[in-house]
Amino acid sequence: MNLPNVSFLLVVACFWLAFWVVNRQLVRPILAILDEREKRVNSGREAFEQARAELEQALAERERELAQVAAEAQKERARLRAEGEQKRREKLEAARAEGQKRLAQFQAELEQETQRARQELAKHTRELARELAQRLLGRALAS
């Protein structure tokens, strides 16, 4: 055999031996670490995406609930406002009715007083006329 061929074969054999050792002791463990890291990153990313989807779903549900509660509150507020307005109208009508009743009562009392005063005046008219005539004439009148 030729010496240069042996040294070439020896170099090739050393290269493959070194390649095998480096591959087995350095490259494979590093690749395994990188693969594990990529799996954890992917797992974390999937967990993040799932959590984000759940959060968005929960947020959308809370927004729907909040909108529903706001609509119910608006209805309740409108109902209470209408109820308050109805009570106000009822009280106003009651006050008006009471006012009309008192006015009618005062008018009746005034009419009664007027009638009584007229009757009193009618009773005393003769006496007053007689007294006035006596004063004007300066003497007493016969009854």
Side-chain angles (χ1 to χ4, degrees), residues 1-137 140-141 143:
M1 258 206 179
N2 194 344
L3 197 55
N5 279 340
V6 174
S7 66
F8 175 74
L9 287 175
L10 190 58
V11 168
V12 169
C14 283
F15 170 78
W16 284 112
L17 180 65
F19 177 78
W20 182 80
V21 169
V22 168
N23 186 35
R24 188 129 211 250
Q25 297 297 318
L26 187 64
V27 173
R28 282 185 185 173
I30 290 175
L31 288 177
I33 291 171
L34 290 177
D35 284 343
E36 182 61 32
R37 181 178 172 205
E38 187 174 340
K39 286 178 186 177
R40 282 188 301 187
V41 167
N42 288 338
S43 174
R45 184 175 291 129
E46 289 172 4
F48 171 76
E49 291 298 326
Q50 182 179 359
R52 186 172 64 159
E54 289 173 2
L55 177 65
E56 287 175 357
Q57 182 181 2
L59 183 61
E61 185 177 324
R62 295 306 171 258
E63 286 176 353
R64 280 191 302 272
E65 289 174 0
L66 184 61
Q68 182 180 2
V69 167
E72 289 173 7
Q74 184 68 21
K75 287 178 185 177
E76 182 67 14
R77 190 173 23 250
R79 184 189 67 77
L80 289 174
R81 186 175 290 134
E83 186 178 301
E85 181 64 24
Q86 179 64 30
K87 286 181 180 180
R88 185 190 69 81
R89 274 189 247 127
E90 288 172 2
K91 286 182 179 182
L92 186 60
E93 286 300 317
R96 282 184 184 152
E98 181 66 25
Q100 291 294 330
K101 179 181 169 184
R102 291 178 99 184
L103 182 61
Q105 185 180 12
F106 288 142
Q107 285 176 339
E109 288 175 10
L110 184 61
E111 187 64 36
Q112 287 176 354
E113 285 294 317
T114 305
Q115 288 296 334
R116 193 176 56 76
R118 284 183 182 163
Q119 288 172 357
E120 277 292 315
L121 190 58
K123 277 187 199 177
H124 295 297
T125 303
R126 286 189 179 185
E127 291 175 20
L128 289 174
R130 178 185 210 113
E131 201 175 303
L132 182 64
Q134 287 175 357
R135 285 189 180 176
L136 288 175
L137 294 174
L141 296 176
S143 350

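- Pairs of residues two or more places apart, or lying in two chains, that qualify as side chain to side chain donor-acceptor pair (under 3.5 Å) and include a residue from residues 91-102 are E93-R96.
- Listed by chain and number, the residues in a side chain to side chain donor-acceptor pair (under 3.5 Å) with E63 amount to none (sequence neighbours excluded).
- Checked against side chain to side chain donor-acceptor pair (under 3.5 Å), R116 has the following partners two or more places apart in sequence or in another chain: E113.
- E49 is linked by a salt bridge (Lys or Arg N to Asp or Glu O under 4.0 Å) to R52, counting only residues two or more places apart in sequence or in another chain.
- At a threshold of 4.5 Å between non-hydrogen side-chain atoms, the residues Q115 and E111 count as touching.
- For residues 17-48, every residue pair satisfying the ring pair (Phe, Tyr, Trp, His ring centres under 6.0 Å) rule, not counting sequence neighbours, is listed here: W16-F19.
- Judged as a side chain to side chain contact (heavy atoms under 4.5 Å, CB included), and not counting sequence neighbours, the contacts of Q105 are E109.
- Checked against salt bridge (Lys or Arg N to Asp or Glu O under 4.0 Å), E83 has the following partners two or more places apart in sequence or in another chain: R79, K87.
- For R135, the side chain to side chain contact (heavy atoms under 4.5 Å, CB included) criterion is met by E131, not counting sequence neighbours.
- Remark: E120 CD is packed, more than 12 non-hydrogen atoms of other residues, nucleotides or ligands lying under 6.0 Å away.
- Each salt bridge (Lys or Arg N to Asp or Glu O under 4.0 Å) pair with one or both residues in residues 33-48, not counting sequence neighbours, would appear here, but there are none.
- Partners of E85 according to the side chain to side chain contact (heavy atoms under 4.5 Å, CB included) rule, which considers only residues two or more places apart in sequence or in another chain, are R88, R89.
- Partners of R81 under the side chain to side chain contact (heavy atoms under 4.5 Å, CB included) rule, at least two apart in sequence or in another chain, are R77.
- Separating the CD atom in Q107 from the OG1 atom in T114 is a distance of 11.0 Å, to the nearest 0.5 Å.
- The salt bridge (Lys or Arg N to Asp or Glu O under 4.0 Å) search around R62 returns E65, not counting sequence neighbours.
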